[in-house]
Amino acid sequence: MPELVLVRHGKAGPRKHADDRARSLKTRGKRDLQRLGVWLVQHNYQPQRILASPAERALSSAQKCCKAMGLTTRHIQIERSLYPGACDTLMACIRSCPDDVGRLMLVGHNPALEDVLARLTGDHAEIRTGSAAIIRSEQPWSQWHGDCAQLIQLQRGRDLPETFPYPLSQPTEHRTRPAYYYRQSSVIPYRVKNGQLNILVIGSSSGKHSVVPKGIVEPGLSALESALHEAQEEAGALGQVHGPALGTYVYRKWDAPIRVEVFAMQVSKLMDSAHWEESQRGRQWLSLAQAQAQLGPPELVAMLDTLAERISA
């Protein structure tokens with residue numbers, strides 16, 4: 001039987017711009033959607049199709065929920081008719097869903113979501129921010145009209161446990177962030193100029209020290225794919241990875257160990273600041289000795305020697 005998951009975006013901050021669509025999620029809103037994602041997995045409610053409003057708070061909610069389910073954000077399709085949304089336009093989205101989709105998720109706004117719930121089930125329940133309503137019907141999607149479905153469950157993210165199971169499947173413990181946070185990857189961007197190895201470093205998020213691009217391995221991406229994405233986003237650097245990973249190291253964050261896989265990337269192009277997403281970090285080329293003096297942890301510094309040996313071989 002087809003199932004519909006209606007998700008209202010998480011708690012957002014006040015409007016700071018003329019465009020209401022630019023409102024972003026508060027930290028609480030992010031966590032609520034991540035908890036909902038875990039809950040959906042635990043109750044076997046993962047969607048096969050996800051449609052999200054183009055508003056920042058709704059699209060970000062869809063992304064947070066999707067990743068917490070262990071799904072790639074490529075599953076998300078932006079549906080412009082969901083903002084601000086109206087009951088009739090949402091119903092049209094539902095009825096146009098292909099029959100081979102067993103579970104559809106709509107991430108949007110009130111009052112449209114509550115109006116759809118009332119029309120389909122006759123239930124006038126409140127869908128609060130960071131909540132999901134599970135609706136089921138015996139009818140194919142094209143036949144979803146008034147009073148054809150049943151409200152199975154209404155779950156608010158704020159009422160779920162604060163910690164997250166680790167790992168997501170067959171967990172052995174609970175941690176302060178979703179399971180995918182604890183696997184990361186990094187690149188050491190380099191070039192060879194006048195026969196000398198140069199390392200590209202960027203400013204840390206705090207701006208207090210030098211680092212190389214590093215980030216969480218996004219669900220649906222390999223460690224290498226995610227590392228290349230971080231190089232582009234954080235350093236504005238494009239290039240190729242040659243050879244296997246340089247190695248791994250472990251550090252602690254969010255009250256648990258995080259394993260980082262490190263790759264070497266030969267830089268072929270640096271993006272200009274207009275296209276470099278995190279240009280506020282700044283970047284500079286350093287000699288091998290300078291990079292070893294500025295970077296940490298020790299395991300990463302040792303990988304610079306490995307890179308130098310690999311290039312000179």
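A salt bridge links Glu234 with Arg281: the distance from a Lys NZ or Arg NE/NH1/NH2 to an Asp or Glu carboxylate oxygen falls below 4.0 Å. Between Arg57 and Asp20 a salt bridge is recorded (basic side-chain N to carboxylate O distance below 4.0 Å). Here Arg119 pairs with Asp88 in a salt bridge; the nearest charged N to carboxylate O distance falls below 4.0 Å. A salt bridge is defined here as a Lys NZ or Arg NE, NH1 or NH2 lying under 4.0 Å from an Asp or Glu carboxylate O, and Glu218 with Lys67 meets this definition.
Val107 and Leu71 end up in the same hydrophobic cluster when Ile, Leu, Val, Met, Phe, Trp and Tyr side chains are linked at under 4.5 Å. In terms of hydrophobic clustering, with Ile, Leu, Val, Met, Phe, Trp and Tyr side chains grouped at heavy-atom distances under 4.5 Å, Ile76 and Leu82 are assigned to different clusters. Ile216 is not connected to Leu168 by any chain of hydrophobic side-chain contacts under 4.5 Å among Ile, Leu, Val, Met, Phe, Trp and Tyr, and they are in different clusters.
Side-chain contact annotation: Glu79 with Ser81, donor-acceptor N/O pair under 3.5 Å present. No hydrogens or angles considered: a donor-acceptor pair under 3.5 Å links the side chains of His109 and Ser53. In this model, no donor atom of one side chain and acceptor atom of the other lie less than 3.5 Å apart for Gln150 and Asp123.
The local environment of CZ in Arg175 is crowded, with over 12 non-hydrogen atoms from other residues, nucleotides or ligands closer than 6.0 Å. Around atom CD of Gln77, more than 12 heavy atoms belonging to other residues, nucleotides or ligands sit under 6.0 Å away. Atom CD of Glu173 has more than 12 neighbouring heavy atoms from other residues, nucleotides or ligands inside a 6.0 Å radius. Annotation for Lys214: atom NZ counts as buried by contact number, over 12 foreign heavy atoms lying within 6.0 Å. More than 12 non-hydrogen atoms from other residues, nucleotides or ligands lie less than 6.0 angstrom from CD of Gln280. The number of heavy-atom neighbours closer than 6.0 Å to CZ of Arg128, taken from other residues, nucleotides and ligands shown, is 12 or below. Applying the 6.0 Å contact sphere to CZ of Arg80 captures no more than 12 heavy atoms from other residues, nucleotides or ligands.
Ser131 places no side-chain N or O within donor-acceptor distance of the main-chain N or O of Ile127, the cut-off being under 3.5 Å.
Taking 4.5 Å as the limit, some side-chain heavy atom of Val38 sits within range of a side-chain heavy atom of Pro165. Here the side chains of Ile78 and Tyr83 are not in contact, with every heavy-atom distance at 4.5 Å or above. Between Thr73 and Lys64, every side-chain heavy-atom pair lies at or beyond the 4.5 Å cut-off. Pro213 places none of its side-chain heavy atoms less than 4.5 Å from the side chain of Ser186. Between Ile258 and Arg183 the shortest side-chain heavy-atom distance does not fall below 4.5 Å. Residues Glu126 and Glu114 meet the side-chain proximity criterion, which asks for heavy atoms closer than 4.5 Å.
Note: His43 and Tyr45 have parallel aromatic rings, judged against thresholds of 30 and 60 degrees for the angle between ring planes.
In this structure, Arg156 fails the cation-pi test against Trp39, since its NZ or CZ atom is not both closer than 6.0 Å to the six-membered ring centre and inside 45 degrees of the ring normal.
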